[in-house]
Structure formats: structure tokens, C-alpha cells
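Inspection log for the structure reproduced underneath, given as C-alpha cells.
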Protein chains: 2
Amino acid sequence: MVKEMESKISDAEWEVMRVVWAQDKVTSKEIIDVLQQKKEWKPATTKTFIGRLVKKGILYTEEEGRKFLYSSAINESDFINSTLDETFENICNKDVGNAIVNLISNATLSFKDIEKIEKVIEMKKKEAVEEIPCNCVPGQCRCNNCSSGH
Amino acid sequence: MVKEMESKISDAEWEVMRVVWAQDKVTSKEIIDVLQQKKEWKPATTKTFIGRLVKKGILYTEEEGRKFLYSSAINESDFINSTLDETFENICNKDVGNAIVNLISNATLSFKDIEKIEKVIEMKKKEAVEEIPCNCVPGQCRCNNCSSGH
DNA sequence: TAAAGTAGATTACAAATGTAAACGTAAAGG
DNA sequence: CCTTTACGTTTACATTTGTAATCTACTTTA
């Protein structure tokens, strides 16, 4: 349960981080090459994103002779999780379950993933509720799906 | 499997949509009131977001005498799902499973949600794979978690 | 040693976003 | 009928994001 990450990076910056996360320490050239292939970004474009990430403190730099080696200042899983948690805060409580179902159905999962999911689900059963109220309109839920409403 | 939603709304706009979705048809005053309470937005601020959503075609307007009634031009669940699908495209394939585990563990779920999740999981078992390769660096995965790599 | 190539830093600029005030017009109240 | 109110529209403006060229200081190479 990591608290307060609150860094918020853009889609383009994510793309850079993915390269860094996948390779531990990288030179700018490596990042540039990967993204030139994958996203067709001009080198200058990638450089901009790298620079912004460094400024935000999300990329560490360590000098290696003349160049820099870049590495992530944040843990990949923690970052993904807190980003997703923030995204889910936009979603009405009552829809979270369906959203998760949809995600699972679109995902490619390993046997291990499935095992883990089954395990959490088993735990969640203990604290499951009958109906989840809409929390979009505080105080007075008039949402169609909430019999409890108003 | 809804294709092509590609509307992309901002966090602030989401907040407006939540109010609309929760209530079917609403006046601007209702939206403004809710968000003044919930987010402490000035009426003018909310008006701006409403206007932008109308311009984007995401809010319908229908005249009701002098005022407008606003309603959503898009289906809530479809919208949520396609937004999340897009978000998950930022996430390395190999991390998707863990991300889902995390989401489940932070969610409040109903018995029905859990049932549905169990059902999808059951289906996913048939197409589960041994290991999911990192797809962040195309062609040559050097990611730590991928034994298959490079 | 001069030319060419690299890498990081600086500058550019349009579109989207957050945040809001001001404006115009019609309605409702006094 | 005039004033206040309410609502939609227009304008404002700083920040973030996407997208990139240019500049500067080395370094490698001819």
C-alpha cells in the first residue's frame, strides 16, 4: 500500500519510462533508438521527454564519462499501481467491478497471474457487500443503479 | 467489445460526466451545485467544462424552455472501459496481472462483482500462458523479468 | 588541426487543460 | 417597467503536453 506518489506523468513520458524500466540503466541513445522505432519519434522529441522526466525527478542521471546513464527513480510497480488507483478515483464506485471484469477479459494473463487474482478474490469475498452505492453525487444518490438512492 | 471511442476527456471533464451519468438528465445548475460542494469549483469553472463537453459532442443538450437539459451522448460503461483499455496500453504486458491484483485488492466489490470476476477468470484459464513477455522494448526484451529476453 | 558527429540544454510553438471573470440576454420579482 | 438573477457564451491566462529545431561543447575522425 504505497502512499503518495502523485507524480503524474504524461502518456509520452510513460513511453520513455517503459524503456528505462525494461532495461535498468540506459543511455539516451538507447531510449531514442527504441522510441524512434516504436513510436516514430524524432530524436529531439524523445530528448525533450527525457529532459522533462529528469526535471521532475523521475529519472536519475549518473554521469558515465561524457554521457549520462538514466535510471528510474521510482519503482515501476508502485508507479503503475498508484497511477491506476488515481484513474479509478474517476470511476464511480458502482462501476469498479465491471471495469475490472472488462480489464481481465482483455488481458493476457499467465497462470501465475490467475492464481494471484484467485487469491485476492478469495480474500475479497469476506468483505464483499450487497450493493455498492454510486458516489458521484455526494449525499444524494439518484443514480439509476442504486436502489438505495435518494 | 466497443471499438473506437477515442474521445479522451480530461479529469475535470470526467467529474462533470459522473454527475450527468448518475442522474440521466440534469440542468447546469445541478451540475454546478454538486461540483461546488464536491470539488469546490467556482460556478464559472464548471460552466467551462460543461461547454467543452458540449463542444466535443459528449454532452447532449435539449432545450427545456429557457434552459438546457444535459445528458450524456456516450454510454458510461463503454466509456469507462475504453478509457481503461487505453490506460492499460501504457502498461507493460508483464505487469498487467499484478496491476489487476492491486486494483481488486483496493476495490470495494459486491457479491455480484465477485461472481462475475470469478467467471471471467474461469474463462481466462483456458488461454493462460506460462510467461508474458515484456513489450516495452520491441524486438529485444532485456527486461529483468523476462527469462525469454535477448 | 579542421570537419563532422554526439549529447545534453535551450528555445519554440500549438493544442489541451485547469481555473475563472466578464458579457449578453431573457426571465422573474418588486 | 426596471432591476436583479440566472444561464449560456466569450474571453483570459497560466501550465502541461506533444512535437521538434537549434545551439553549444566535446570528441572522434579525416
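Below, chain A is the first sequence line, B the second, and so on; all start at residue 1.
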For B:Lys119, salt bridge (Lys or Arg N to Asp or Glu O under 4.0 Å) partners two or more places apart
none

Please state how far atom CG in A:Leu69 lies from atom C1' in C:dA7, giving the value in whole angstrom units.
13 Å

Would you say the side chain of B:Cys92 lies within less than 4.5 Å of the side chain of B:Asn135, judging by non-hydrogen atoms?
yes

Who pairs with A:Lys29 by salt bridge (Lys or Arg N to Asp or Glu O under 4.0 Å), at least two apart in sequence or on another chain?
A:Asp33

Donor-acceptor pairs under 3.5 Å, side chain of residues 123-130 of chain A to any protein atom, not counting sequence neighbours: which ones?
from     : atom 1 : to       : atom 2 : distance (Å)
A:Lys124 : NZ     : A:Glu127 : OE2    : 3.0
A:Lys124 : NZ     : B:Ser105 : O      : 3.0
A:Lys124 : NZ     : B:Ala107 : O      : 2.7
A:Lys125 : NZ     : A:Glu122 : OE2    : 3.4
A:Lys125 : NZ     : B:Glu118 : OE2    : 2.7

If the sugar-phosphate is the primed atoms plus P, OP1 and OP2 and the base is the rest, what is the B/S/- string for nucleotides 9-23 of chain D, using protein heavy atoms under 4.0 Å?
B-------BBBBB--

Could I get the full list of salt bridge (Lys or Arg N to Asp or Glu O under 4.0 Å) partners for B:Glu13, not counting sequence neighbours?
B:Lys56

What is the distance, to the nearest angstrom, from the NZ atom on A:Lys55 to the P atom on C:dG8?
15 Å

Taking only the side-chain nitrogens and oxygens of B:Thr27, find out if one of them lies under 4.0 Å from OP1 or OP2 of D:dC7.
no

May I have all residue pairs that pass ring pair (Phe, Tyr, Trp, His ring centres under 6.0 Å) and include part of residues 94-125 of chain A, sequence neighbours excluded?
none

What integer distance in Å separates B:Asp33:CG from D:dC7:C1'?
13 Å

Separation of C:dG8 P from A:Tyr60 OH (nearest whole Å)
19 Å

What pairs of nitrogen or oxygen atoms, one from the protein and one from nucleotides 24-29 of chain D, lie under 3.5 Å apart?
from   : atom 1 : to      : atom 2 : distance (Å)
D:dC26 : O3'    : A:Arg66 : NH1    : 3.4
D:dT27 : OP1    : A:Arg66 : NE     : 2.5
D:dT27 : OP1    : A:Arg66 : NH1    : 3.0
D:dT27 : OP1    : A:Arg66 : NH2    : 2.1
D:dT27 : O5'    : A:Arg66 : NE     : 3.4

Nearest-angstrom distance from the residue atom NZ of B:Lys39 to P of C:dT17:
16 Å

Parallel, tilted or perpendicular: which one describes the rings of B:Trp21 and B:Trp14, with boundaries at 30° and 60°?
perpendicular

Nearest-Å distance, CG (B:Leu53) to C1' (D:dG8)?
15 Å

Atom-to-atom span, NZ of B:Lys29 to C1' of D:dC7 - whole angstrom
11 Å

Determine which pairs satisfy ring pair (Phe, Tyr, Trp, His ring centres under 6.0 Å) with at least one residue from residues 32-60 of chain A, sequence neighbours left out, and list them in order.
A:Trp41-A:Phe49

In whole angstroms, how far is the P atom of C:dG24 from the NZ atom of B:Lys67?
22 Å

For B:Lys67, enumerate each residue passing the salt bridge (Lys or Arg N to Asp or Glu O under 4.0 Å) test, keeping only those at least two apart in sequence or located in another chain.
none

